[in-house]
Novice: 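I'd like to ask you about the structure that follows.
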Amino acid sequence: MTEEHHSTEQQLIDNRIEKMARFRERGDEPFKYRFERTCSIADARAAFEAAEAGSENPEQVTVAASVAGRMVALRGQGKVTFADLRDESGRIQVFFRSNELGDDAYERLKDLDIGDFLGMEGEVFRTRRGEVTVRAVTYTLLAKSLRPLPEKWHGLTDVETRYRQRYLDMVANPEVLETFRRRSRIIATLRHWLTARGFLEVETPMLHQIPGGATARPFVTHHNTFDRDFYLRIAPELHLKRLLVGGFEKVFEINRSFRNEGVDTLHNPEFTMMELYEAYQDYMGLMDETEEMLSHVAREVTGGTSFEYQGQTIDMARPWKRVSLFEAIREYAGIDLEPHQNDRNAAAELAEGIGCVIEDAMGYGKIVDEVMSDKVKPHLLQPTFLHDYPLEISPLAKKKRGAPNLTERFQLFVAGMEMGNAFSELNDPIDQRERFMDQVRQRERGDDEAQYLDEDYITALEVGMPPAAGLGVGIDRLTMLLTNQASIREVILFPQLRTVEARGAVTLPGGPEAAGGAETS
RNA sequence: GGACGGGUAGCUCAGGUGGUAGAGCAUCGGACUUUUAAUCCGGUGGCCGUGGGUUCGAGUCCCACCCCGUUCACCA
């Protein structure tokens, strides 16, 4: 052995590079520029089957077709070779025969590998074994694949590789494509439903000077020429409501928010939210609309309102259960926190009595929230609205009519997951300032998730915002529900994982050392 | 951050009590003109996650660390 040590993987790659080089030596560029297909693979199959069905001699039917796709299997058998070709529409068997292609072209099949993209002109026919197949009249290599694909039978199961190299996951596990098609359809359906009802789709900043609209820790980033820090938004809420001040009456945004919190099966640092705001509406009216909208989406993407989620049957048919937060706590936790709104310690004692972990820093609102999360949420399998939340954990919601310690707020739960959050929007600037000040006091007491005072937002409310209701829906979780996935990472194309040292890693431009070096405009 | 499970060939996985690292698929060579997890014959291929330690000897035992998954805590 005179050569230096090569890994198995490198040997497999070297083989393919040599094959690629042979194409070049023959003057056949292994990475083509264009190929004229006459049809997709699914259409080729459909056209053939239609012709066959309409023929008196079905055995003799052939249909001409040019198709292209990735070769995903190869079965050589001497002077004939079978392969499987796949495009986005489906898979079809292709057939190469020595005496039809000629010896030279047939020999060159040896320089093809699984994973290569091929284009071919051929005749669709049915083999003796009954499989619809394209017989190649000519074929051409469209793009060479230089790395081996995962094994054909077991595919790719290693979750880490599936997430880090999603393209391999997609090639090896076609059902992954289906999950993300459905995600796209969920979003398209929502968008269509909203725009059809007069909602205007808008885009508001993701770089915020003051992170607001939610209780969460933000990511910090830095603008060089302004020489100041920005925060990646934790919610679009405050900007969307400024648009109601400005004169839009129905707006929505579907895009990413970022929260610098833990990662688990329900949380990714960047996630997609749909938020909508509707002037002259309140939270009860919005509950009706939420029901209508989401049951419509479920029907559009699953074919019905009833479907399986992780072994449970979920039924999204209207109407959905509506129960006040305190009633739900009485029902599922067996304690009544409602009478203790001015006695935080009594509430804490009751909560601890049923096994909840209550910290000293937690106020009444957080205790209620804790009990709900711990004892109520897991029971809410069928779509359920909990409504009327404590004031102190709802700083952007209007006080409930006739119950000023509560807010007109609801959350939607399905399959034990929080899916949505909504309220009658607080539009009294004096009240809003007080609520913000209360948050600021909580922050000063060490709660780093408490909200910041946003003076400009108060100014906007002072200009005047119409009564309105707003809703946020977690699109990733909605997608989990409607694709029967247990982890949020299965519905995010490129979920965030810890970085590992990449092979051939390069230093990124624009880093601290490179600052000022690269002029880009 | 804690607990539990995992990391062995390109992929999927085996490797009782420590003793030269295995299979299937893929790959390479050969046979084969209707196969489809094609078949048959032969071959190549390994920093056993990383770094220490114990030992004559470590994939295996000990310690630390890295990464992934589940879960608890926190959160949406």
Side-chain angles (χ1 to χ4, degrees), chain A residues 1 5-16 18-19 72-84 91-101 106 110 113-115 125-133 135 146-165 168 171-172 213-217 234-235 257-273 356-357 359 362 366 369-370 373-374 377 411-413 417-421 447-449 472-478 486-490 495 497-501:
Chain A
M1 196 158 156
H5 172 78
H6 274 168
S7 66
T8 310
E9 184 177 24
Q10 192 57 51
Q11 287 167 23
L12 294 171
I13 292 170
D14 288 346
N15 282 339
R16 287 171 178 241
E18 283 167 27
K19 290 173 176 178
V72 293
L74 187 59
R75 297 177 290 280
Q77 211 202 331
K79 299 289 189 183
V80 300
T81 295
F82 292 90
D84 291 345
R91 184 207 65 90
I92 200 163
Q93 177 169 267
V94 297
F95 179 57
F96 304 92
R97 204 152 65 146
S98 170
N99 57 358
E100 273 180 276
L101 288 169
Y106 191 80
K110 288 197 171 139
D113 287 292
I114 288 171
F125 74 112
R126 195 179 283 277
T127 63
R128 277 179 215 163
R129 296 294 182 96
E131 175 141 0
V132 176
T133 299
R135 177 169 41 226
L146 297 180
R147 284 180 182 270
L149 291 180
E151 191 222 354
K152 61 187 170 190
W153 192 242
H154 300 92
L156 179 69
T157 61
D158 181 72
V159 250
E160 189 169 354
T161 308
R162 288 186 48 234
Y163 296 156
R164 287 193 195 279
Q165 295 179 275
L168 288 180
V171 171
T215 49
R217 284 191 294 269
I234 55 176
S257 290
F258 307 84
R259 296 189 187 174
N260 205 340
E261 313 267 3
V263 173
D264 59 33
T265 51
L266 290 176
H267 303 261
N268 194 62
E270 52 181 306
F271 64 105
T272 300
M273 252 204 312
C356 292
V357 179
E359 289 163 23
M362 290 166 75
K366 290 222 168 182
D369 201 43
E370 174 68 19
S373 296
D374 210 35
K377 187 161 72 174
Q411 289 190 307
L412 170 65
F413 298 88
M417 293 188 283
E418 185 190 332
M419 287 284 162
N421 187 23
D447 183 353
D448 58 1
E449 288 184 340
V473 173
I475 297 300
D476 311 280
R477 291 179 182 179
L478 181 63
S487 169
I488 199 168
R489 288 173 221 110
E490 295 290 347
L497 300 182
R498 252 172 242 277
T499 48
V500 291
E501 200 175 320

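Quick caveat, the model's predicted, so the values are computed rather than measured. First the proteins, then the strands, lettered A, B, ... as listed; each starts at 1.
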Novice: Whole angstrom is fine here: how far is it from CD1 in Ile13(A) over to P in A9(B)?
Specialist: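 The answer, rounded to whole Å, is 15 Å.
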Novice: Side-chain N or O of Arg164(A) versus OP1/OP2 of C68(B): is the shortest distance under 4.0 Å?
Specialist: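 Yes, within the criterion.
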Novice: Does any N or O donor sit under 3.5 Å from an N or O acceptor when you compare the side chain of Thr127(A) with the base of U35(B)?
Specialist: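 Answer is yes: a donor-acceptor pair is held.
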Novice: Rounded to whole angstrom, note down the P distance from G59(B) over to C66(B).
Specialist: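 The answer is 23 Å between these two P atoms.
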Novice: With the criterion being N/O to N/O and under 3.5 Å, what pairs connect the protein with nucleotides 71-74 of chain B, and how long is each?
Specialist:
none

Novice: Using the closest heavy atom to pick a nucleotide of RNA chain B for each, name whichever of Arg129(A) or Asp158(A) lands nearer the 5' end.
Specialist: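 Nearest-nucleotide comparison on RNA chain B picks Asp158(A).
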Novice: When the P atoms of U50(B) and A9(B) are compared, how many Å lie between them, rounded to an integer?
Specialist: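 The same atom, P, in both gives a distance of 11 Å.
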Novice: Which one, U35(B), C13(B), U34(B), comes nearest to the side chain of Arg97(A)?
Specialist: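 Nucleotide nearest to Arg97(A)'s side chain: U34(B).
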Novice: Provide the Watson-Crick or G-U wobble partner of U70(B), both distances under 3.5 Å; none if there is no partner.
Specialist: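 Pair assignment: U70(B) / A3(B).
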Novice: Under the 3.5 Å rule, do the base of U35(B) and the side chain of Glu131(A) count as making a donor-acceptor pair?
Specialist: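 Per atom types, no contact qualifies.
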Novice: Please name all residues satisfying side chain to side chain donor-acceptor pair (under 3.5 Å) with Arg135(A), sequence neighbours left out, ordered by chain then number.
Specialist: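 Counting only residues at least two positions away or on another chain, Arg135(A) forms no side chain to side chain donor-acceptor pair (under 3.5 Å).
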Novice: side-chain contact (heavy atoms from CB on, under 4.5 Å) with Ala486(A): which residues, sequence neighbours excluded?
Specialist: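 Applying side-chain contact (heavy atoms from CB on, under 4.5 Å) to Ala486(A) gives Gln310(A).
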Novice: How far, in whole Å, is G6(B) from G15(B) if one measures between their P atoms?
Specialist: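 Looking at atom P only, G15(B) and G6(B) are 11 Å apart.
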Novice: Which whole number of Å gives the distance between the C1' atom of G18(B) and that of U60(B)?
Specialist: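 Rounded to whole Å, the distance is 6 Å.
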Novice: Is the shortest side-chain N/O distance from Ser98(A) to OP1 or OP2 of U33(B) below 4.0 Å?
Specialist: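 Indeed not, no polar side-chain atom of Ser98(A) lies that close.
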Novice: Select base, sugar-phosphate, or nothing to describe what Lys377(A) touches, counting heavy atoms under 4.0 Å on all strands.
Specialist: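 The residue Lys377(A) makes no contact with any strand.
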Novice: Apply side-chain contact (heavy atoms from CB on, under 4.5 Å) to Asp113(A) and list each qualifying residue two or more places apart in sequence or on a separate chain.
Specialist: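 Listed in chain order: Arg16(A), Lys19(A), Asp116(A), Lys144(A).
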Novice: To the nearest 0.5 Å, what is the distance between CG on Asp264(A) and CD1 on Ile488(A)?
Specialist: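 Here the interatomic distance stands at 8.5 Å.
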Novice: If the threshold is 4.0 Å, N to carboxylate O, is there a salt bridge linking Glu131(A) and Arg91(A)?
Specialist: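 Salt bridge between Glu131(A) and Arg91(A), a charged N being under 4.0 Å from a carboxylate O: yes.
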Novice: Using Watson-Crick or G-U wobble geometry with both distances under 3.5 Å, which nucleotide pairs with U12(B)?
Specialist: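 Partner of U12(B): A23(B).
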Novice: For atom P, what is the distance between C32(B) and A37(B), given to the nearest Å?
Specialist: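 It comes out at 23 Å once rounded to the nearest Å.
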Novice: Tell me: CD of Glu100(A) to P of U33(B), nearest whole Å?
Specialist: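 Rounded to whole Å, this separation is 15 Å.
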Novice: Tell which nucleotide pairs with G51(B), taking only Watson-Crick or G-U wobble pairs whose two distances are both under 3.5 angstrom.
Specialist: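 Base partner found: C63(B).
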Novice: Which residues satisfy the side chain to side chain donor-acceptor pair (under 3.5 Å) test with Arg126(A), sequence neighbours excluded?
Specialist: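 Glu52(A).
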Novice: Take atom CD of Glu9(A) and atom C1' of U27(B), then tell me their distance rounded to the nearest Å.
Specialist: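 Distance, rounded to whole Å: 13 Å.
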Novice: To the nearest angstrom, how far is Leu497(A) atom CG from C66(B) atom P?
Specialist: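 After rounding, the gap between these two atoms is 16 Å.
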Novice: Distance check needed: C25(B) P versus Leu12(A) CG, whole Å only.
Specialist: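 It is 15 Å, rounded to the nearest whole Å.
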Novice: Using the C1' atom as the reference point in each nucleotide, state the distance between U34(B) and G29(B) in Å, no decimals.
Specialist: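 It comes out at 25 Å once rounded to the nearest Å.
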Novice: Please report the distance separating the P of U54(B) from the corresponding atom of A58(B), rounded so that it comes out in whole Å.
Specialist: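 Approximately 11 Å lies between the P atom of U54(B) and that of A58(B).
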Novice: Under the ring-ring contact (aromatic ring centres under 6.0 Å, His included) test, which residues partner Phe413(A), sequence neighbours left out?
Specialist: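 Phe413(A) satisfies ring-ring contact (aromatic ring centres under 6.0 Å, His included) with no other residue.
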Novice: Distance check needed: U34(B) P versus Lys79(A) NZ, whole Å only.
Specialist: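 Rounding to the nearest Å, NZ of Lys79(A) and P of U34(B) are 13 Å apart.
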Novice: Taking protein heavy atoms under 4.0 Å as touching, what does nucleotides 2-8 of chain B look like 5' to 3' if B marks base contact, S marks sugar-phosphate-only contact and - marks none?
Specialist: -------
Novice: Give the nucleotide from the list U35(B), U27(B), G10(B) with an atom nearest to the side chain of Phe82(A).
Specialist: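 For the Phe82(A) side chain, the nearest candidate turns out to be U35(B).
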Novice: Could you pull out all residues at least two apart from Ser257(A) that satisfy side chain to side chain donor-acceptor pair (under 3.5 Å)?
Specialist: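 With sequence neighbours excluded, Ser257(A) shows a side chain to side chain donor-acceptor pair (under 3.5 Å) to no residue whatsoever.
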Novice: Please answer whether the main-chain N or O of Phe271(A) pairs with a side-chain N or O of Asp476(A) as donor and acceptor at a distance below 3.5 Å.
Specialist: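 Checked: no pair found.
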Novice: Looking across every strand, which nucleic acid part, if any, lies under 4.0 Å from Tyr163(A) by heavy atom: base, sugar-phosphate, or nothing?
Specialist: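 Sugar-phosphate, no base atom in range.
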Novice: In the strands shown, is G57(B) matched to any nucleotide by a Watson-Crick or G-U wobble pair with both distances under 3.5 Å, and which?
Specialist: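 The base-pairing partner of G57(B), which may sit in any strand shown, does not exist here.
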Novice: If the cut-off is 4.0 Å, is Arg489(A) near the phosphate of G69(B), judged by side-chain N/O to OP1 or OP2?
Specialist: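 Yes, because at least one side-chain N or O of Arg489(A) sits under 4.0 Å from OP1 or OP2 of G69(B).
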Novice: Evaluate side chain to side chain donor-acceptor pair (under 3.5 Å) for Asn15(A) paired with Gln11(A), printing each intermediate quantity in order.
Specialist: CA-CA 6 Å; Asn15(A) 282 339; Gln11(A) 287 167 23; over 6 Å; no
Novice: Quick one: does any side-chain atom of Arg217(A) pair with a main-chain N or O of Arg259(A) as donor and acceptor, under 3.5 Å?
Specialist: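 No: the side chain of Arg217(A) does not pair with the backbone of Arg259(A).
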Novice: Lys110(A) side chain N/O closer than 4.0 Å to the phosphate oxygens (OP1, OP2) of U27(B)?
Specialist: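 Answer is no, no contact under 4.0 Å.
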Novice: Which residues pass the side-chain contact (heavy atoms from CB on, under 4.5 Å) test with Ser373(A), sequence neighbours left out?
Specialist: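 Listed in chain order: Lys377(A).
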Novice: Give a yes-or-no answer on whether the side chains of Glu490(A) and Tyr163(A) include a donor-acceptor pair shorter than 3.5 Å.
Specialist: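 Result is yes, a qualifying pair exists.
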Novice: Would you say C66(B) has OP1 or OP2 under 4.0 Å from some side-chain N or O of Arg498(A)?
Specialist: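 Arg498(A) to C66(B) OP1/OP2: no side-chain N or O under 4.0 Å.
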Novice: Rounding to the closest angstrom, what is the interatomic distance between A14(B) and G22(B) at atom C1'?
Specialist: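 7 Å, rounded to whole Å.
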Novice: Consider the side chain of Ser487(A), meaning its heavy atoms from C-beta on, and name the nucleotide among U44(B), U70(B), U35(B) that approaches it most closely.
Specialist: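 Comparing U44(B), U70(B), U35(B) against the side chain of Ser487(A), the answer is U70(B).
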Novice: If you compare every side-chain N and O of Thr133(A) against the phosphate oxygens of U36(B) (OP1, OP2), does one of them come in below 4.0 Å?
Specialist: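 So the side chain of Thr133(A) is outside the cut-off, no N or O lying under 4.0 Å from OP1 or OP2 of U36(B).
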Novice: If you check the Ile114(A) side chain, which of U33(B), C11(B), U27(B) turns out closest?
Specialist: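 When the side chain of Ile114(A) is considered, U27(B) is the closest of U33(B), C11(B), U27(B).
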Novice: Figure out the CG/C1' separation between Leu168(A) and A26(B), and round it to whole Å.
Specialist: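 Nearest whole value for this atom pair: 14 Å.
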Novice: Could you identify the nucleotide paired to G42(B), looking across every strand shown and requiring Watson-Crick or G-U wobble geometry with both distances under 3.5 Å?
Specialist: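 With both distances under 3.5 Å, G42(B) matches C28(B).
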Novice: Between U36(B) atom P and Arg126(A) atom CZ, what is the distance in whole Å?
Specialist: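 One finds 17 Å between P of U36(B) and CZ of Arg126(A), rounded.
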Novice: Who passes ring-ring contact (aromatic ring centres under 6.0 Å, His included) against Phe125(A), sequence neighbours left out?
Specialist: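 So Phe125(A) forms a ring-ring contact (aromatic ring centres under 6.0 Å, His included) with Phe95(A).
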Novice: Please list each protein N or O that sits under 3.5 Å from an N or O in nucleotides 37-41 of chain B, with the distance.
Specialist:
| from | atom 1 | to | atom 2 | distance (Å) |
| --- | --- | --- | --- | --- |
| A37(B) | O3' | Lys152(A) | NZ | 3.4 |
| A37(B) | N1 | Trp153(A) | NE1 | 3.4 |
| A38(B) | OP1 | Lys152(A) | NZ | 2.4 |
| A38(B) | OP2 | Arg75(A) | NH1 | 3.4 |
| A38(B) | N7 | Gly76(A) | O | 3.2 |
| A38(B) | N6 | Gly76(A) | O | 2.9 |

Novice: Suppose we screen for side chain to side chain donor-acceptor pair (under 3.5 Å). Which residues come up paired with Glu370(A), at least two apart in sequence or across chains?
Specialist: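 Partners of Glu370(A) by the side chain to side chain donor-acceptor pair (under 3.5 Å) criterion come out as none, since no residue qualifies.
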